[in-house]
Structure formats: C-alpha cells, structure tokens
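Report on the structure given below.
So you know, we letter chains A, B, ... as the sequences are listed, proteins then strands, and number each from 1.
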Protein chains: 2
Amino acid sequence: MILKSQVEWALHCCAILAGLPEGRYLSTKALAELHGLPKEYLSKALQSLSQASLVDTTLGPSGGYRLARSPSEINFLDIVEAVEGKARSFTCTNIRENNPCRPAGYCDSKPCAVARIMWEADEAWRDTLRRVRLSDLVGILSEEVRPDLWQSTFEWVLKRAG
Amino acid sequence: MILKSQVEWALHCCAILAGLPEGRYLSTKALAELHGLPKEYLSKALQSLSQASLVDTTLGPSGGYRLARSPSEINFLDIVEAVEGKARSFTCTNIRENNPCRPAGYCDSKPCAVARIMWEADEAWRDTLRRVRLSDLVGILSEEVRPDLWQSTFEWVLKRAG
DNA sequence: GTTTTGCGGATATTCTGTATCCTTAATTTG
DNA sequence: CAAATTAAGGATACAGAATATCCGCAAAAC
C-alpha cells in the first residue's frame with residue numbers, strides 16, 4: 001500500500017503556490033525545475049489538482065497555476081485525494097458469500113465486519129489529513145527552513161511567476 | 001493506495017482459526033474452500049502469517065494452521081502488517097534537496113515537514129488497527145452472523161480440522 | 001503571427017500484485 | 001515400511017498500475 005510519488009509532488013507544489021502573491025501564476029516548468037521533477041509527468045499531477053478545483057490555471061506566456069482558495073481553506077486530504085483518488089484502501093470482495101454452508105438466499109444485514117474495521121482505520125487516516133491545513137504546512141516551513149533559503153527561494157519563484 | 005487482497009483473506013482466515021478448539025489445526029485446503037479462494041495463492045498469505053509468528057503450523061495429514069497466541073493477544077495491525085509489510089504508505093524522496101537555491105552543504109535539521117504530516121496520518125491508521133483485537137472481531141461476528149450459519153460453519157470446520 | 005502555456009490522448013516501460021506449478025521435507029495413516 | 005497429505009519455498013507467467021515521454025490542440029501574451 002504505497003501512495004504515488006505524485007502525492008508528494010502535489011503537496012510541495014501547493015506549498016509553493018501558497019506563497020505566491022495574489023493574482024500571479026507559476027508554470028509547470030518553474031515548479032518542475034524548483035523540485036527537480038520531470039516536467040511532463042508533474043504536469044499530470046497538476047492537472048489532477050486543476051480537475052479537483054484546487055487550483056486555477058491560465059494559458060499563454062506568464063500562465064500557470066495559482067491556488068483557487070486561500071491556504072487555510074485547503075487541507076491535506078483535498079490535495080491527496082485529488083491526486084490519489086478517493087477510493088478506500090481496503091476493498092471488500094465479500095468472500096463470506098463463498099461459504100459453502102450458506103443457506104440459499106441468505107442475506108447479510110450489514111457490510112462485512114472485517115471491512116467495517118478496515119474502513120474505520122481508513123477514516124482515521126483521512127481525518128488526520130483533513131485536520132491539517134495547507135496554511136499549517138506553510139507555517140511550519142516558515143519556521144523550520146533557514147531564512148536565507150526561504151527568502152532566496154521566494155525570490156527565485158517570484159522571478160518566474162507571471 | 002490499495003491493500004492486497006491477501007490482507008482480506010488473512011483476516012478472515014484468522015477469524016476462523018480463532019474459533020478452532022485448542023490444539024487442532026486447519027489446512028490451507030479447508031480455508032481456501034471455505035472462502036472460495038485459490039489454494040496455492042492463499043498459501044502465500046498463510047506463510048506470511050507463519051513467518052510473523054502469528055500462527056503455528058504442522059505437517060502431514062491432519063496438519064495445517066492454528067493461532068500461535070490467544071485471539072485477544074493478536075490485533076488487526078499484526079495481521080495486516082504480516083501480509084502487507086511494515087513500510088509506511090508515504091515515502092519521502094526529499095525533493096527539497098533539488099531546490100536550486102540551496103546553499104552548498106545545506107543540512108536539514110529535521111525530516112521534511114510534508115513527510116512528518118503524512119506519517120502522522122499513517123500512524124493514526126496503524127493505531128486504529130492496533131486497538132482492534134482479533135477477539136473483538138470474533139465477538140462482533142458471533143453477534144451478527146445468523147446462528148444457523150454460525151453453527152453450520154463451525155461444524156464444517158471441525159469436520160476438517162486435524 | 002509567433003511563442004508560451006495548460007490540457008488531453010496515445011504510447012512505452014517498469015514494477016507490483018495475482019496466480020500457478022513444482023520440488024522438498026516433515027508427518028500421519030494404513 | 002509405504003503411501004498419502006501437508007507446509008514451505010522457488011520459478012515462472014500474466015495483468016494491471018505507476019511512471020514517464022511525446023504529440024497535437026486551443027487559449028493567451030507579446
């Protein structure tokens with residue numbers, strides 16, 4: 001059970017977009033360079049964010065991406081699900097139906113108990129991610145990243161933001 | 001991010017083994033028939049349980065598997081990790097190191113903040129599974145499964161348990 | 001009109017999960 | 001002792017997903 005690497009990419013990209021001044025856009029090219037990622041493939045991750053309405057886009061030179069909402073209105077789960085999908089990690093195939101002792105026409109009153117427990121864990125995972133806002137991440141980074149790197153990165157980004 | 005179907009199989013098999021009388025074994029063949037699963041492949045899942053010391057095995061006719069500990073001393077995470085592995089669902093590739101603005105020799109004081117948050121969610125998932133004991137599952141099933149099916153399944157199993 | 005950009009489709013490659021088969025060694029049964 | 005049954009592990013094949021690249025299209029900037 002491993003998340004796509006695109007999840008990591010999308011989170012880091014959103015953190016950068018969160019620092020962008022109002023109304024400006026950053027291109028796939030710039031985001032790929034900044035993170036050392038394959039531009040074409042990163043583009044797919046950003047398209048997922050766009051389809052989930054987490055980012056706005058604009059075409060042409062000076063085009064690119066910006067957040068569609070404020071960083072405090074976007075949480076980790078929004079981003080993770082946009083890229084990874086909303087499917088649960090555990091899929092119940094209802095193998096209890098194969099029990100040879102089942103009477104004909106036996107009908108289960110509830111979803112399988114095993115599945116319910118696994119889904120509960122899934123929900124705990126989602127809850128944790130839902131509780132962390134993109135603005136929280138930016139807050140942590142602004143405290144942890146050395147000020148000189150923080151500032152030079154911002155300048156680098158602004159130079160490329162349309 | 002999808003768990004192997006073997007996880008589902010292993011959980012259901014453990015639930016059956018939990019109902020086995022002291023000292024008796026149930027074979028792969030019986031477990032595969034009961035759940036309608038491919039015997040050879042289910043065998044791999046059971047081998048994983050064996051390697052994790054969750055079950056004891058014995059060879060020969062009347063051989064098979066039994067729980068190595070009491071159902072109240074085995075939790076969901078034990079079983080899930082035995083089959084799925086203990087690796088975290090989010091792997092940090094440290095893409096921040098690719099930042100072109102990084103001064104030479106820059107050293108990070110902590111693991112990446114993005115990774116820490118994702119790992120926290122992972123831990124919440126694990127905690128939930130850790131809190132559910134195999135005996136809890138058996139308790140739920142014994143209440144939910146219709147008594148006639150519950151009993152006939154047990155008879156079916158006992159007839160095949162060596 | 002030329003360049004740059006996001007978007008979607010098509011394709012190739014690698015890796016993992018799924019599944020089957022076979023051999024070996026241990027154990028029970030007759 | 002001989003035959004049957006079992007778990008264990010290795011080899012192999014197959015399918016689908018993740019990773020990655022390339023192309024053409026339409027929109028926007030200059």
With distance as the sole test, does Asp78(A) use its side chain to make a donor-acceptor pair with the main-chain N or O of Asn75(A) at under 3.5 Å?
-> yes
Give the nucleotide from the list [options] with an atom nearest to the side chain of [X].
{"X": "Ser5(B)", "options": "dT6(D), dT18(C), dC22(C)", "result": "dT18(C)"}
{"X": "Leu59(A)", "options": "dA26(D), dT4(C), dC7(C)", "result": "dA26(D)"}
{"X": "Gln51(B)", "options": "dG9(D), dT20(C), dT6(D)", "result": "dG9(D)"}
{"X": "Ser27(A)", "options": "dT28(C), dA29(D), dG6(C)", "result": "dG6(C)"}
{"X": "Lys4(A)", "options": "dG10(D), dA7(D), dA18(D)", "result": "dA18(D)"}

Taking OP1 and OP2 of [N], is either one under 4.0 Å from a side-chain nitrogen or oxygen of [X]?
{"X": "Thr57(B)", "N": "dA8(D)", "value": "yes"}
{"X": "Thr28(B)", "N": "dA7(D)", "value": "yes"}
{"X": "Ser50(A)", "N": "dC7(C)", "value": "yes"}
{"X": "Ser62(A)", "N": "dA28(D)", "value": "no"}

Of Ser43(A) and Gln6(B), the one whose closest nucleotide on DNA chain C sits nearer the 5' end is Ser43(A)
So, Glu144(B) and Arg116(A), do they make that salt bridge, N to O below 4.0 Å?
-> yes
Report yes if a donor N or O on one partner sits less than 3.5 Å from an acceptor N or O on the other, where the partners are the side chain of Lys44(B) and the base of dG17(C); otherwise report no.
-> no
CG-OG distance between Asp136(B) and Ser72(B), expressed to the nearest 0.5 angstrom = 9.0 Å
Sugar-phosphate only, base, or nothing, as touched by Tyr65(A) at under 4.0 Å among non-hydrogen atoms = sugar-phosphate
Touch check for Gly162(B), heavy atoms < 4.0 angstrom, all strands: base, sugar-phosphate only, or nothing?
-> nothing
